[in-house]
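Working notes, structure below.
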Amino acid sequence: MLALRTALGRCLAGPARGGAAVLGSGGGRAVCSPLIQTARCYARPVRRKRKDIPSHLDDLPPTMLKKDYANVPIINSVDDVVRRLLSLEMASQKEKMKIKTQQLVEKVRRSPNDNGSFEVQVAILTAKIRSYEEHLQRHPKDKSNRRRMLMDIDRRKKLLAYLRRVHYDTFENTCKQLDIQYSLPPPYTRRVTKRWLVKKAFCLKVFQEVRKLKAPERLKQRKEWQARARAAREKAAQCEGTPV
């Protein structure tokens, strides 16, 4: 490495004795030695090849028409070029997402007019979450979209928890159709620390002392209830005319 730097310095400082390198200044043509060309190639940054990340939109056929033109009756008589322009081959990511969301909604909706049930909301959130996951694999430092993805995951988790609690059959069908792996939330656990143990022991001690202070009052109240019940039974027996 030191020899390479020394040779570069000599070539850039001026022409060599044998005329190996001539650097033109002004309008003349510059003649560079092979050593300088090798150094330039060595200094180029290495470009890493991007990994082929699988997309959840790959299963959409490119010949499928866009959502806005699928039900147009004149679409079958148009030219092939126009049909290609209106297909998913020339569509943007947003238009593909519309069709993918529509396909997921069709799997779980209750009726053709169902657009707001819990299953439909879960399907829409699932399409968004998968799109965010694909984007974050290419751009892992995008914190804004990561936050949006976590918010959508939390919303979907709440909807699935409600379906699991109220309509378990619908919950199972939704997870199966949308290929969702639902994991139960972990039980509540609290780390046992010395401070927590001391606080718990103090609370138990206070509770026992309060019970001791209120014991005479509770005993007096219990005796009053028993006397009232005995008087009510005697009065009822006298009304019926039977000895006690």
Side-chain angles (χ1 to χ4, degrees), residues 46-72 75-76 78 80-189:
V46 179
R47 295 183 180 180
R48 296 180 180 179
K49 294 182 178 180
R50 291 187 177 181
K51 297 181 180 179
D52 294 334
I53 300 173
S55 175
H56 69 290
L57 304 175
D58 292 339
D59 57 344
L60 295 175
T63 57
M64 180 184 292
L65 296 174
K66 298 178 183 179
K67 184 180 178 182
D68 299 333
Y69 305 101
N71 298 324
V72 178
I75 198 65
N76 296 323
V78 297
D80 293 340
V81 178
V82 178
R83 188 176 181 88
R84 186 180 177 187
L85 289 172
L86 300 180
S87 64
L88 295 184
E89 186 179 357
M90 302 292 179
S92 61
Q93 183 81 4
K94 186 176 181 180
E95 293 170 338
K96 291 181 181 179
M97 273 295 299
K98 287 182 180 180
I99 295 179
K100 190 64 179 178
T101 305
Q102 187 68 22
Q103 289 181 355
L104 294 180
V105 168
E106 289 293 339
K107 291 181 179 179
V108 297
R109 64 174 20 172
R110 302 175 185 176
S111 63
N113 297 325
D114 181 17
N115 295 320
S117 62
F118 288 96
E119 304 92 276
V120 173
Q121 296 181 41
V122 169
I124 295 173
L125 290 174
T126 301
K128 288 183 179 180
I129 290 169
R130 289 174 182 172
S131 178
Y132 283 135
E133 288 176 349
E134 179 186 345
H135 173 77
L136 290 173
Q137 286 181 0
R138 293 190 177 92
H139 311 281
K141 295 185 179 181
D142 192 351
K143 297 182 179 180
S144 178
N145 282 321
R146 186 179 297 277
R147 179 175 175 270
R148 293 191 185 97
M149 183 187 71
L150 293 176
M151 291 172 63
D152 288 342
I153 289 175
D154 189 48
R155 286 180 58 194
R156 187 181 70 172
K157 190 184 298 182
K158 291 179 180 179
L159 294 172
L160 288 175
Y162 174 79
L163 285 176
R164 184 176 180 271
R165 187 173 65 252
V166 179
H167 304 289
Y168 191 78
D169 297 337
T170 307
F171 164 77
E172 278 191 340
N173 182 49
T174 303
C175 292
K176 183 179 179 181
Q177 294 293 335
L178 301 179
D179 195 15
I180 299 174
Q181 295 181 358
Y182 182 80
S183 57
L184 295 175
Y188 176 76
T189 56

Inset, instruction - Answer yes when E134 and R130 have at least one side-chain N-carboxylate O distance shorter than 4.0 Å, and no when they do not. - result: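 Salt bridge absent between E134 and R130.
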
Inset, instruction - For the pair R148 and D152, find out whether any cationic side-chain nitrogen is under 4.0 Å from an anionic carboxylate oxygen. - result: no

Inset, instruction - Go through the steps to decide whether N145 and H139 satisfy the test side-chain contact (heavy atoms from CB on, under 4.5 Å), and finish with yes or no. - result: CA-CA 10 Å; N145 282 321; H139 311 281; over 6 Å; no

Inset, instruction - Under the salt bridge (charged side-chain N to carboxylate O under 4.0 Å, His left out) rule, what do D154 and K158 come out as? Steps first, then yes or no, please. - result: CA-CA 6 Å; D154 189 48; K158 291 179 180 179; 3.7 Å; yes

Hey, could you give me the [atom1]/[atom2] distance between [X] and [Y], rounded to the nearest 0.5 Å?
| X | Y | atom1 | atom2 | answer |
| --- | --- | --- | --- | --- |
| Q93 | H135 | CD | NE2 | 10.5 Å |
| I129 | R156 | CD1 | CZ | 4.0 Å |
| T170 | L160 | OG1 | CG | 11.5 Å |
| F118 | T174 | CZ | OG1 | 11.5 Å |
| D169 | N173 | CG | CG | 9.0 Å |
| E133 | R146 | CD | CZ | 10.0 Å |

Minimum heavy-atom distance between [X] and [Y], given as atom pair plus value:
| X | Y | result |
| --- | --- | --- |
| Y182 | C175 | CB-SG, 4.2 Å |
| A123 | L178 | CA-CD1, 3.8 Å |
| S131 | M97 | CB-SD, 3.9 Å |

Inset, instruction - Decide side-chain contact (heavy atoms from CB on, under 4.5 Å) for V120 and I124; before the verdict, give the C-alpha distance in whole Å, the side-chain angles of both, and the deciding distance to 0.1 Å. - result: CA-CA 6 Å; V120 173; I124 295 173; 4.0 Å; yes

Legend entry - H167: partners by ring-ring contact (aromatic ring centres under 6.0 Å, His included), with sequence neighbours left out: none

Inset, instruction - Without swapping roles, check the side chain of E95 against the backbone of S92 for a donor-acceptor pair under 3.5 Å. - result: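 A pair under 3.5 Å: yes.
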
Inset, instruction - Check whether any side-chain N or O of T126 sits under 3.5 Å from a backbone N or O of V122 as a donor-acceptor pair, and report yes or no. - result: yes

Legend entry - Pairs satisfying salt bridge (Lys or Arg N to Asp or Glu O under 4.0 Å), at least one member in residues 102-111, at least two apart: E106-R109, R110-E119

